[in-house]
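Report on one structure; see the data block that follows.
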Amino acid sequence: MINITLPDGSVRQYESGTTALQIAQSISEGLARNVLAAKVNGEVWDATRPITADAYIVLLTINDAEGKSTLWHSSAHLMAEAIEVLYPGTKFGIGPPIENGFYYDIDLGGKIISNEDFKKIEDKMLELARQGNTYFRKEIPKKDAVAYFKEKGDEYKLDLLEGLEDGNITFYEQGNFTDLCRGPHIPNTGFIKAVKLMNVAGAYWRGDEKNKMLTRLYAITFTKQKDLTDYLTLLEEAKKRDHRKLGKELELFAFSEKVGMGLPLWLPKGAALRERLVQFLQKAQIKSGYLPVVTPHIGNKNLYITSGHYEKYGADSFQPIRTPHEGEEFFLKPMNCPHHCEIYKSSPKSYKDLPVRYAEFGTVYRYEQAGELHGLTRVRGFTQDDAHLFCRPDQVKEEFCKVIDLVLYVFKALNFHDYTAQISLRDPGNKSKYIGSDENWHLAEQAIIESAKEKELTTVVELGEAAFYGPKLDFMVKDAIGRKWQLGTIQVDYNLPERFELEYTGSDNQKHRPVMIHRAPFGSLERFIAVLIEHCAGKFPLWLSPEQVTILPISEKYNNYAKKVLELLKNYDIRGLVDERNEKIGKKIRDTELQKVPYMLVVGEKEESENKVSVRKQGEGDLGSFDIEQFAQMITSEIESLKS
RNA sequence: GCCGAUGUAGCUCAGCUGGCCAGAGCAGCUGAUUUGUAAUCAGCUGGUCGGGGGUUCGAAUCCCUCCAUCGGCUCCA
């Protein structure tokens, strides 16, 4: 007999060789129907794999991340089986689960799969799923595995096998399909009840553009039809919130082929929104002791040679601008930090001067590859809410913590309540990607880890995600429909101060090197606004909304009264417009609702005679009639409460 | 940059098995209406069908090429 400990702490006895599925059955039939896999002593196993020693087990269902990935991993095998039936001779690459579903990279030998083929693949998958075929796990000697795929002619699997050690190789077989796979898998294909192929794309074998391009099929599956329906509804919702669509509808920004791809044009309403955000942060920064600075849009090549950016990115930048007579080369500014280093150097610094905090809403230009551009989230010209703090080593942690406070203040004001902090460290296996000494890297990484701990942030650590000059702390926010976005970033840098030979005089009258902190709470205004639009579905917080009220006269007879109301509201810094069009009130309301203006003021004969306004709130409806002053105070206090 | 898809009026889209002057709704303009909480009515304007080349008696429709957009890959200071 063996002792099985469950998550609630209870211990049950079972015969050796019992499976997680049997354990589930002993608890309840319903649970057994939903168990996809099990975590055995922390390792995810097949639910059908015999357990032969005492163990702590967690039964996994579709509600667990590991349960989902097991389901989707098994679904990838099912899709491969369907494809092998429908497209004989297909060679298979890899087929992993991903955040939402799974994909399989396949080589169709010149055949093309398009969206029209999805239906028949889905149908075949469902047909195979209904057979309820068991996923059999088999441990295989390496030579047999190689022989199997040689016979099948699958060079990708042979390539994968090369990297695996003998004695460590497992095959999984379901129905007529056998795949090289570490597992684990769901018990049988019958668990898969709903299937949807999402899209098809090209992907290089092993992600290397020198290799052959394979066809990547993305799909998702569920154990219930309803889950699939819900998922598709969520995708629809995401489409409705797409900032590119809303940006056009709300007249916030535009792109023009003539101006150039990836170069956003801010329309008046978008510019107003952007300006509000800038003022908001500017105010908070000045309170926190930041000093605004301004630097030009281009910089001499030597500046970027010193910073190391030229070596790292020079080849992939926009071509340099050359002066006609001197032949000097200038680059469009790709980041602000080198300029700020030179500002630091413009006067000698004492330890008493530190920290100094230079802030700039600096517009930068980067040559992003054509295929990379995407709405406002990936552009070629954008404005960073950048600042560089130069401090003594003993001040790093305090400064870093203060920056964290500022970032969280910004998130709160903009209704981002769900976030985690990602600590991005150097890839210890590939140090050549980075500049600077091991000692400096260690100091910087420690500073971030300690600050995050002190601020009690929920963190995840990612190796290899650091910037080339230093580690960083990135804030990943979850939006209103659960999608994750990377926004603010804070980076500790011991390297640029060295490259620029930045100094301060210490109390010992010796020269010392300051530490630099790069930070941007928004990241870039463009990206931030894109995320904000999608987060609030275009319904901006009142204080940010390009128009806060629109005044809707019942007929043209009341346009003058409407204009008078607007003038009064302007005294309270309330932004608004009068809809003077010759339209019926229903039409005006509809159009204003669609423009997502927070408040509508309906004015007609009654209001004019009583000196009032009828207030209608966007998305909610009629709130009744108010004195003009009363309304102005109401929304003024609403704005104050939202911003604090 | 690479793979795949798409590109018709300011916007959303129909037409695309080649064949009468390329259509609709919204927006815009003009006029009527002067309106009470999500679309008043009528008329009009507007497109060298992404650009260029080709096949054909004839191309929005078929082919080639370039450009842009979308979904991915690689990249992201």
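For A:Lys587 and B:A27, the shortest distance from a side-chain N or O to OP1 or OP2 is below 4.0 Å. Applying the 4.0 Å criterion to OP1 and OP2 of B:G71, one finds that A:His374 has a side-chain N or O inside that range. The phosphate of B:U37 (OP1 or OP2) has no side-chain N or O of A:Lys588 nearer than 4.0 angstrom. Contact check, A:Tyr218 against B:C73: a side-chain N or O comes under 4.0 Å of OP1 or OP2. Contact check, A:Lys248 against B:U12: a side-chain N or O comes under 4.0 Å of OP1 or OP2. Side-chain N/O atoms of A:Tyr313 include one lying less than 4.0 angstrom from OP1 or OP2 on B:A77. A sub-4.0 Å separation between OP1 or OP2 of B:C3 and a side-chain N or O of A:Arg216 is absent.
Contacts of A:Ile554 with the nucleic acid, taken as non-hydrogen atoms under 4.0 Å apart, include base atoms. Heavy atoms of A:Tyr469 sit under 4.0 angstrom from primed sugar atoms or phosphate atoms, though from no base atom. Nucleic acid contact for A:Gly604: base, since at least one base atom lies under 4.0 Å from a heavy atom of the residue. Among the protein residues, A:Tyr103 comes within range of no part of the nucleic acid, since none of its heavy atoms lies under 4.0 Å from any strand. At a threshold of 4.0 angstrom between heavy atoms, the contacts of A:Lys312 with the nucleic acid are absent. Using a 4.0 Å heavy-atom cutoff across all strands shown, A:Arg616 reaches at least one base atom of the nucleic acid. Backbone-only contact: A:Asn199 has heavy atoms under 4.0 Å from sugar-phosphate atoms and none from a base. Across all strands, A:Thr215 comes closer than 4.0 Å to no nucleic acid atom at all (heavy-atom distances). Nucleic acid contact for A:Gln369: base, since at least one base atom lies under 4.0 Å from a heavy atom of the residue. Within 4.0 Å of A:Glu311, counting heavy atoms only, lies no atom of the nucleic acid at all.
Residues A:Glu249 and A:Lys596 are not paired through a salt bridge, judged by the lack of any N-O separation under 4.0 Å between the basic side chain and the carboxylate. Between A:Asp622 and A:Lys617, no side-chain nitrogen of the basic residue sits less than 4.0 Å from a carboxylate oxygen of the acidic one, so the salt-bridge criterion is not met. Taking 4.0 Å as the cut-off between side-chain N and carboxylate O, A:Lys240 and A:Glu236 do not count as a salt-bridged pair. Ion pairing between A:Lys433 and A:Asp427 fails under the 4.0 Å rule for side-chain N and carboxylate O. Classification of A:Asp105 and A:Lys212 as a salt-bridged pair fails, no side-chain N sitting under 4.0 Å from a carboxylate O.
Between A:Phe253 atom CZ and B:U69 atom P there is a gap of 13 Å when expressed in whole angstrom units. One can place CG of A:Leu246 at 16 Å from P of B:C11, the figure rounded to the nearest angstrom. As a whole-Å value, the separation of A:Ile435 CD1 from B:A77 P is 13 Å. Distance CG (A:Leu108) to P (B:G4): 12 Å, rounded to an integer number of Å. Distance, A:Phe255 CZ to B:U69 C1': 11 Å, rounded to whole Å. Going from atom CG of A:Asp591 over to atom P of B:U37 covers 16 Å, rounded to whole Å. A:Asp117 has its CG atom 13 Å from the C1' atom of B:A5, to the nearest Å. Between the CD atom of A:Glu368 and the C1' atom of B:A68 there is a distance of 18 Å, given to the nearest Å.
Atoms CD and CZ, from A:Glu368 and A:Phe382 in turn, are 6.5 Å apart once rounded to the nearest 0.5 Å.
Of the candidates B:A77, B:C73, B:U37, the closest approach to any side-chain atom of A:Ala467 belongs to B:A77. Taking every side-chain heavy atom of A:Glu583 into account, B:U40 is the closest of B:G1, B:U40, B:U37. Listed nucleotides B:A68, B:U37, B:A38 differ in distance to A:Met261; the shortest reach to its side chain belongs to B:A68. For A:Arg244, counting side-chain heavy atoms from C-beta on, the closest listed nucleotide (B:G71, B:A38, B:C76) is B:G71. Comparing B:C73, B:U34, B:U37 by their nearest atom to the side chain of A:Glu556 picks out B:U34. Of the candidates B:G1, B:U35, B:G36, B:G1 carries the atom nearest the A:Tyr204 side chain, counting heavy atoms from C-beta on. Nearest to the side-chain atoms of A:Ile589 among the listed nucleotides B:A38, B:C73, B:U69 stands B:A38. When each of B:C76, B:A77, B:G72 is scored by its nearest atom to the side-chain atoms of A:Ala201, the top-ranked nucleotide is B:G72. Comparing B:G71, B:A77, B:U34 by their closest approach to the side chain of A:Ser555 singles out B:U34. In this structure, the nucleotide among B:C73, B:G36, B:U40 sitting nearest to the side chain of A:Ala203 is B:C73.
B:A59 sits 13 Å from B:G53 when the C1' atoms are compared, rounded to a whole Å. Only the P atoms considered, B:C57 is 40 Å distant from B:C70, to the nearest whole Å. Using C1' as the reference atom, B:C26 and B:G46 are 14 Å apart when rounded to the nearest Å. With both ends at atom P, the span from B:C64 to B:A5 equals 11 Å, rounded to whole Å. Spacing of C1' atoms, B:G28 relative to B:C16, comes out at 29 Å, to the nearest Å. Nucleotides B:U8 and B:G25 are separated by 15 Å at their C1' atoms, to the nearest Å. Using P as the reference atom, B:G43 and B:U56 are 45 Å apart when rounded to the nearest Å. B:G71 and B:G31 have their P atoms separated by 44 Å, given to the nearest Å.
Pairing for B:C73 goes to B:G1, judged as Watson-Crick or G-U wobble with the two contacts each under 3.5 Å. Across all strands shown, B:A22 forms no Watson-Crick or G-U wobble pair with both key distances under 3.5 Å. B:U30 and B:A42 make up a base pair, with Watson-Crick or G-U wobble contacts both under 3.5 Å. Across all strands shown, B:G7 forms a Watson-Crick or G-U wobble pair, both distances under 3.5 Å, with B:C67. With a cut-off of 3.5 Å on both Watson-Crick or G-U wobble distances, the partner of B:C62 is given as B:G54.
A donor-acceptor contact under 3.5 Å is not formed by the side chain of A:Arg206 with the base of B:C73. A donor-acceptor contact under 3.5 angstrom links the side-chain atoms of A:Glu607 to the base of B:G36.
The nearest pair of heavy atoms linking A:Leu569 to A:Phe631 is CD2-CD2, 4.0 Å.
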ask   = Step by step, would you call A:Tyr313 with A:Tyr304 a ring-ring contact (aromatic ring centres under 6.0 Å, His included)?
value = CA-CA 9 Å; A:Tyr313 297 102; A:Tyr304 306 113; over 10 Å; no

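Between A:Tyr469 and A:His309, the ring planes are perpendicular. Angles over 60° get that label, and only those under 30° would be called parallel. Below 30°, between 30° and 60°, or above 60°: for A:His340 and A:Tyr358 the angle between ring planes is above 60°, a perpendicular geometry.
Of the two residues near RNA chain B, A:Val200 and A:Gly586, the one whose nearest nucleotide lies more 5' is A:Gly586.
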